[in-house]
2 protein chains.
Amino acid sequence: MNSEDFAKTKADFIAQWGTLGSSWGINRTMAQIHAFLMLAVEPTDTNEVMQALKISRGNANSNLRDLVGWGLVRRVTYPGDRKEYFEAEKDVWTMFCIIARERKRREIDPALNLLQSSSSKSYKKTDPEQQLFASQTKALAEFVQTADLVLDKVARSEESKVLPFLIKRFK
Amino acid sequence: MNSEDFAKTKADFIAQWGTLGSSWGINRTMAQIHAFLMLAVEPTDTNEVMQALKISRGNANSNLRDLVGWGLVRRVTYPGDRKEYFEAEKDVWTMFCIIARERKRREIDPALNLLQSSSSKSYKKTDPEQQLFASQTKALAEFVQTADLVLDKVARSEESKVLPFLIKRFK
DNA sequence: TTGAAGTTTCAGTAATTACTGAAACTTCGT
DNA sequence: ACGAAGTTTCAGTAATTACTGAAACTTCAA
């Protein structure tokens, strides 16, 4: 593939990855920056990101900060150069673990809190509505807790210890 | 718990579940309606939903339709009664499977398409950038495909065959 | 075939979320 | 201590997404 076509392919991939990001509940720009950095051979500065994705400095800055916050991107500095560069985590399993942990923290833990606090109140056994509320929140709490534990354990394991095993068991 | 306090607890739970829904990429109203129906002893009509959640008919209608589309809610009719009632799937494992299938279809499959089509093009081996693009998209494609298969298999299994096993292996 | 009961649609509006760009701030070399 | 290089903040604005409510549509009984 000549480099002109390749540039197109790459830009297209990044754009589409951004769209996918949206449907994943991640903002478009953040997903695009992540894709861009994941495909960058060398650490890249804010200006390059802005240029490549045609976004403002503020936008680039805040999404880069978020990505660093997630742990998907690292700040890199070189001695004698004041600029900051950014570099994405490229290992797929590591990325998966980071994302799993973060989604767990942001999505599962708060749900589990709500479910556990709701299900641990005491309800009137003679009222079918309270009865249902109690049993339903309890069942959900237990399920989510289990899922949480499993996810947690998987995301802490080494790829080589988990994936072959899951594949064998579930493929 | 007296019924006044219970009403409050329940309303509060539904409201919070809605907020959680947002952070899960599901719209607030849809999550609230789902919670409301999941906690309803009997099938419930649109008017009741509108009243309970203080939302408009249009909003209730479209979110109920979406929930039916997901398979999380069923339409129920009684002979001799023109009204339609709605009833939520209450079994937690079944809910999980439905949601897993739907998220797979909406989030994973499109990503896999993009990754596979990108990684199957041919790239110039002498260009490090094309090299990286090829290897990165390939690694992602393989990982996502595996995750997809595992999730698919899990979501098709019976709870009793999967959960005890995962718990034992990962708890 | 009419109209009452019920459901769906959708144009207009509200609420939310994301982005811009310029100003404020920080850091470092001289 | 000053100013150039670089980074962050944030008020204002744009884009997206969700919601309302009334009109259009459907269904059924008389």
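None of these values were measured; they are calculated from a predicted model. Note on naming: letters A, B, ... go to the chains in the order of the sequence lines (proteins, then strands), and numbering restarts at 1 for each one.
Mapping B/S62 and A/R65 onto DNA chain D by nearest heavy atom places A/R65 closer to the 5' end of the strand. Residue B/R82 is the one, among B/R75 and B/R82, whose nearest nucleotide of DNA chain C lies closer to the 5' end (criterion: closest heavy atom).
We find that NZ of B/K83 is positioned 15 Å from C1' of D/dC28, with the value rounded to whole Å. Distance CG (A/L64) to P (D/dG6): 16 Å, rounded to an integer number of Å. Distance B/D45 CG to C/dA5 P: 15 Å, rounded to the nearest Å. The distance between atom CG of B/N47 and atom P of C/dT7, rounded to the nearest whole Å, is 8 Å. Protein atom CE of B/M50 is 13 Å distant from nucleotide atom P of C/dG6, rounded to whole Å.
A donor-acceptor contact closer than 3.5 angstrom links the side chains of B/Q16 and B/D12.
Taking the six-membered ring where tryptophan is involved, the planes of A/W93 and A/F96 are tilted, since the angle between them lies from 30° to 60°. Note on ring orientation: taking the six-membered ring where Trp is involved, the planes of B/F170 and A/F165 are perpendicular (angle over 60°, cut-offs 30° and 60°).
Taking a cutoff of 4.0 Å between a charged side-chain nitrogen and a carboxylate oxygen, B/K161 and B/E158 do not qualify as a salt bridge.
Pair assignment for C/dG29 gives D/dC2, based on Watson-Crick or G-U wobble hydrogen-bonding distances that are each under 3.5 Å. A 3.5 Å limit on both hydrogen-bonding distances identifies D/dC28 as the Watson-Crick or G-U partner of C/dG3.
For C/dT8, the OP1/OP2 oxygens have a side-chain nitrogen or oxygen of B/N61 closer than 4.0 Å.
The OG1 atom of A/T29 sits 4.5 Å away from the CG atom of A/N59 when rounded to the nearest 0.5 Å.
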Inset, instruction - Give the B/S/- string for nucleotides 17-24 of chain C, one per nucleotide from 5' to 3', where a protein heavy atom under 4.0 Å of the base yields B, of only the sugar-phosphate yields S, and otherwise -. - result: -SSBB---

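Remark: of the listed residues B/R103, B/R101, B/K104, B/K104 is the sole one forming a salt bridge (Lys or Arg N to Asp or Glu O under 4.0 Å) with B/D148.
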